[in-house]
K.L.:
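For reference, the structure I am asking about is given below.
Since this is a predicted model, take the numbers as computed values, not measurements. We name chains A, B, ... by the order of the sequence lines, and we start the count at 1 in each one.
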Amino acid sequence: MKKRDRLEIIHDILKIIKDHGNLILPTPLLRFSNLSTQNFNKYISELLKKGLIEEKYDKNRKYYSLTEKGFEFLRKYKNIREFMEEFGL
Amino acid sequence: MLQFKPHLGIVITEAIYSSIIFALCFLLYYRIRKAYKLTDYKGLYLFSNTFLYLGLAYFLRFIVSSFAVSNAVFDLNLQFNVIKGLMLFSLTFMAYSSSAAIMYLISSLLWRWVDKVGNELFVHSIAILIAISPFIGKSLLLLLISQFLLLLALILSITLNYKYQSSKKIFSQAYIVYVLLFIFWILNLSLTFKLIPSVLRIAIYMLSLVVMGFIAYKILRKL
């Protein structure tokens, strides 16, 4: 299986959140994202810092949800990816 | 006392041409930068800076042309030394800015394999060195040679990028854009250094606009 690059991993995490009704607990997100706990935490911190996802709390349980910027990333990902590949970036 | 009286038609054409090129460059910069802000991908950052610095070079060219138009229309009677100083500054800045643009393009193509080329200090050091080369060598020839060396480095970068790129089939599209950018640069460089007769100026401007328009189309349709 081809090793995913940083952008592919970010895309996959955001897509998992979106596909779960834009609300998912950390444990299933870790499982579906196919990452080690250490890498998962690193990516989640990055996504929170960049404002692509946000934390939401319900009955003391933490959920992750996409922000508007996160949805924009998913909408534009395919085109940006193709652009990067076409231009050898 | 020597006075600066350029041909009005030429400077107006020059001003229009530069304004179109810098507008296109800034539009491309803005769109690529937006994609960079979303993804934080270094290749996009370096590629966007190519158009920022190319745009800056043409923006200054536009300012100088507009200044020359004002001088001719309003009969400002500026002394030759003032204009000479302005031209010297603009040539140095344009040499710096355009070299930085080419260096950023090379960086965007090679940064994944060669760490150093993605370093901005390295990019600007080379660009400054090229810009001040006429003062060091007391000849414009050194500037011309360094610009051609940069273009050779660009051809080498395109070849290396193509060789190591995994998706060769898709990349052929971009290869056309890079070849066009190369043609655009050669044409404008040849005109600046008077390697092409001035009577061909309008034809070269038209061809450059077509080339730049095509590059813009290829980039903007994706972003």
K.L.:
Charged N to carboxylate O below 4.0 Å: is that the case for A/Arg81 and A/Asp5?
P.N.:
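Salt bridge present between A/Arg81 and A/Asp5.
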K.L.:
Going through the checks in order, is the ring pair (Phe, Tyr, Trp, His ring centres under 6.0 Å) test met by B/Tyr36 and B/Tyr41?
P.N.:
CA-CA 6 Å; B/Tyr36 163 69; B/Tyr41 186 74; 8.9 Å; no
K.L.:
Checking heavy atoms, do the side chain of A/Lys50, its backbone, both or neither come under 4.5 Å from chain B?
P.N.:
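The side chain, not the backbone.
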K.L.:
Given a strict heavy-atom distance threshold of 4.5 Å, which part of B/Leu223 is in contact with chain A: side chain, backbone, both, or neither?
P.N.:
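Contact with chain A involves the side chain of B/Leu223 alone.
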K.L.:
Looking only at the side chains, is there a donor atom on one of A/Tyr64 and A/His20 sitting less than 3.5 Å from an acceptor on the other?
P.N.:
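Their side chains do not contain a donor-acceptor pair, so the 3.5 Å distance test is not met.
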K.L.:
Show the nearest heavy-atom pair for residues B/Asn161 and A/Gly88, with the distance to one decimal.
P.N.:
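Reported closest heavy-atom pair: ND2-O, 2.7 Å.
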K.L.:
Give, as side chain, backbone, both or neither, the part of A/Lys76 having an atom under 4.5 angstrom from any heavy atom of chain B.
P.N.:
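For A/Lys76, side-chain heavy atoms alone lie under 4.5 Å from chain B.
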